[in-house]
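Every chain is numbered from 1, with letters handed out A, B, ... down the list of sequences.
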Amino acid sequence: GKRKTVTPGVGEHPLQYNYTFWYSRRTPSRPANTQSYEQNIKQIGTVASVEQFWKFYSHLVRPGDLTGHSDFHLFKEGIKPMWEDEANKNGGKWIIRLRKGLASRFWENIILAMLGEQFMVGEEICGVVVSIRFQEDILSIWNKTANDQVTTSRIRDTLRRVLNLPPNTIMEYKTHNDSLKDNSSFRNTKISL
Amino acid sequence: GTRIIYDRKFLLDRRNSPLTQ
């Protein structure tokens with residue numbers, strides 16, 4: 001449907017891009033096919049300035065307080081958090097697995113890095129996701145071009161810095177094409193230390 | 001064009017600015 005254009009308010013600090021928050025939650029009874037994924041994902045708001053971001057974000061449940069199988073996504077406005085989206089179809093994502101209890105802090109830090117344009121990879125960043133699961137939580141950052149190694153390495157190195165990850169943290173990269181093939185977001189990844 | 005870059009501290013400082021109250 002049509003949504004009104006979101007712009008920075010008077011005196012607010014504009015962001016380089018507008019970003020849209022999405023929320024999804026899997027109903028355990030339903031298969032995780034593309035159609036049910038699209039039906040389960042809901043757009044919850046778009047922000048255009050630093051101030052609008054904080055207003056929106058401070059009303060959201062912290063991801064660490066979510067239960068069950070759910071995800072928050074923050075993507076550039078106009079990019080759906082789906083593998084098939086035009087901006088994502090040649091892309092992939094870095095995956096960081098977090099033990100329980102860390103998701104809220106890491107989610108905030110990765111968002112601030114993205115909103116503040118800390119990655120320095122041109123137009124490559126599409127968005128970030130925090131995935132709440134039963135045993136662990138998972139942080140992902142999606143970029144447009146999976147086979148651009150200069151970009152993916154720079155994203156990885158920036159993540160280590162902005163999240164202050166210990167040097168032995170395992171980071172995994174998975175192309176969306178591979179996710180489509182095995183119908184899984186987090187299995188069969190390429191490990192990078 | 002120029003890119004709008006904000007560091008973490010700048011963003012955190014805006015969290016409690018009068019505009020977000």
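Using bins of under 30°, 30° to 60° and over 60° for the plane-to-plane angle, the ring pair A:Phe75/A:His73 lands in the tilted bin. In this pair, A:Tyr23 and A:Phe72 present their aromatic rings tilted. The plane angle is within the 30 to 60° band.
No other option in A:His13, A:Gln52, A:Gln118 has as many heavy-atom pairs under 4.5 Å with chain B as A:His13. Between chain B and the residues A:Ser58, A:Gly11, A:Pro14, the largest count of heavy-atom pairs under 4.5 Å involves A:Pro14.
Of the atoms belonging to A:Val10, it is backbone heavy atoms, and not side-chain ones, that fall under 4.5 Å from chain B. Interface remark: A:Phe53 contributes no atoms to any contact with chain B (heavy atom separation under 4.5 Å).
Contact between A:Ser185 and A:Trp83 at its shortest, heavy atoms only, is OG-CZ2, 3.4 Å. In this structure, A:Lys89 and A:Glu84 approach most closely via the heavy-atom pair CB-O, 4.3 Å.
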